[in-house]
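Data first, discussion second: the structure below is written as structure tokens.
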Amino acid sequence: TAKLTHQQDLAGKKILVSAGPTVEAIDPVRFLSNRSSGKMGYAVAQAAADRGAEVTLISGPTALAQPTNLKMIPIRSARELQEQLEENFDANDFVIMAAAVADYHVKEVADQKIKKHGRDVVELELVANPDILAALGQKKTHQRLVGFAAETQNLLANGAKKLAEKNLDMLVLNDVSRSDIGFNAADNEVRLLRPQEEPKLIEKTSKAQIAQEILDELLKLA
Ligand code: CTP
Ligand code: CA
């Protein structure tokens, strides 16, 4: 089978991956979300499983086929994602946070469908979600933590700040101002940032290949 062609260099490692968007309800039929397709996170999860890791994938709603050989936990909101991450955190060696977490949720979710009649303007009050990754960075012990960053400007400066502030071991920096890479594209080009090291550019290639290179760097952190 195809699986046997992969080097099993992640055998014995437990890897927790989050992927896809989170979805924040407005009412029973409407929500706030973002353009994440889940492709990059799924590629990392699949590559890790192919290389022998025991993978748990916590995923927001995506249109992707479920990867094989891993445990899948579906979530919708940032709060649900946080619950699942906290529950699985201690048992894992690596946590790869590729999910595009909504920064805000709707303060009061309507329990019935909001009707348009008589309303020209509707205001939604939004409340900040907890920074899940930063919280994991504060409590990590043996875990290696990998964050993703989506930036449209000042890439390296913003990335370095997130690496430090969230206490990460690695940050995968994505330029989401380009439409040929990043959100929903088949390809990606990223910079890997690690504390005390020069950023490493992974030039434009398939998300599957980027995933392999992220895992290669991860192994060096082990
Ligand atoms: N993240 C998280 N919890 C949040 C927001 C983000 O865990 N509430 C994680 C993401 O999964 C990602 C990393 O933090 O791994 C960076 O996300 P990003 O949106 O790029 O950065 P933010 O810290 O949210 O800052 P901003 O959106 O203002 O750039
Ligand atoms: Ca954000």
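Just so you know, ligand 1 is whichever comes first in the structure, and atom 1 is the first atom listed for that ligand.
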If hydrogens are left out, which of Ala78, Ala19, Pro130, Ala135 has an atom nearest to atom 8 (N) of ligand 1, that is, the closest non-hydrogen atom? Pro130

Shortest reach to atom 14 (O) of ligand 1 by a heavy atom, considering only Lys166, Met97, Lys162, His105: Lys166

Exercise: identify the closest heavy-atom pair between [X] and [Y]:
| X | Y | result |
| --- | --- | --- |
| Ala98 | Phe148 | CA-CD1, 3.6 Å |
| His105 | Ala128 | CE1-O, 3.9 Å |
| Gly38 | Thr62 | CA-CG2, 4.1 Å |
| Ile75 | Pro61 | O-CD, 3.6 Å |

What do you reckon, does [X] have a nitrogen or oxygen under 3.5 Å from a nitrogen or oxygen of ligand 1?
| X | answer |
| --- | --- |
| Ala149 | no |
| Val101 | no |
| Ala150 | yes |

Show the atoms of ligand 1 that are less than 4.0 angstrom away from any heavy atom in Gly147. 15 (O)

Within ligand 1, which atoms have a heavy atom of Asp131 less than 4.0 Å away?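 Those of ligand 1 that fall under 4.0 Å from Asp131 are 2 (C), 3 (N), 4 (C), 7 (O), 8 (N), 23 (O).
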
Donor on one side chain, acceptor on other, [X] and [Y], under 3.5 Å:
| X | Y | answer |
| --- | --- | --- |
| Thr205 | Glu203 | no |
| Asp103 | Asn129 | no |
| Ser37 | Tyr42 | no |

In the protein, what heavy atom is nearest to [atom], and what distance, to one decimal place, separates them?
| atom | result |
| --- | --- |
| atom 7 (O) of ligand 1 | Leu133 N, 2.8 Å |
| atom 5 (C) of ligand 1 | Asp103 OD1, 3.5 Å |
| atom 13 (C) of ligand 1 | Phe148 O, 3.0 Å |
| atom 10 (C) of ligand 1 | Ala99 O, 3.6 Å |
| atom 3 (N) of ligand 1 | Ile132 N, 3.1 Å |

Under 4.0 Å and counting heavy atoms only, is there anything from the protein next to atom 28 (O) of ligand 1? no

Would you kindly specify which portion of Asn158 sits under 4.0 Å from ligand 1, judged on non-hydrogen atoms: side chain, backbone, both or neither?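 The answer is neither; Asn158 stays 4.0 Å or more away.
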
Backbone N/O of Thr68 and side chain of Gln46: donor-acceptor pair under 3.5 Å: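 Judged by distance alone, yes, a pair lies under 3.5 Å.
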
Let's go through Gln143 and Leu16 carefully: what are the C-alpha distance in whole Å and the side-chain angles of both, what is the deciding distance for side-chain contact (heavy atoms from CB on, under 4.5 Å) to 0.1 Å, and is it a yes or a no? CA-CA 10 Å; Gln143 294 91 347; Leu16 186 57; over 6 Å; no

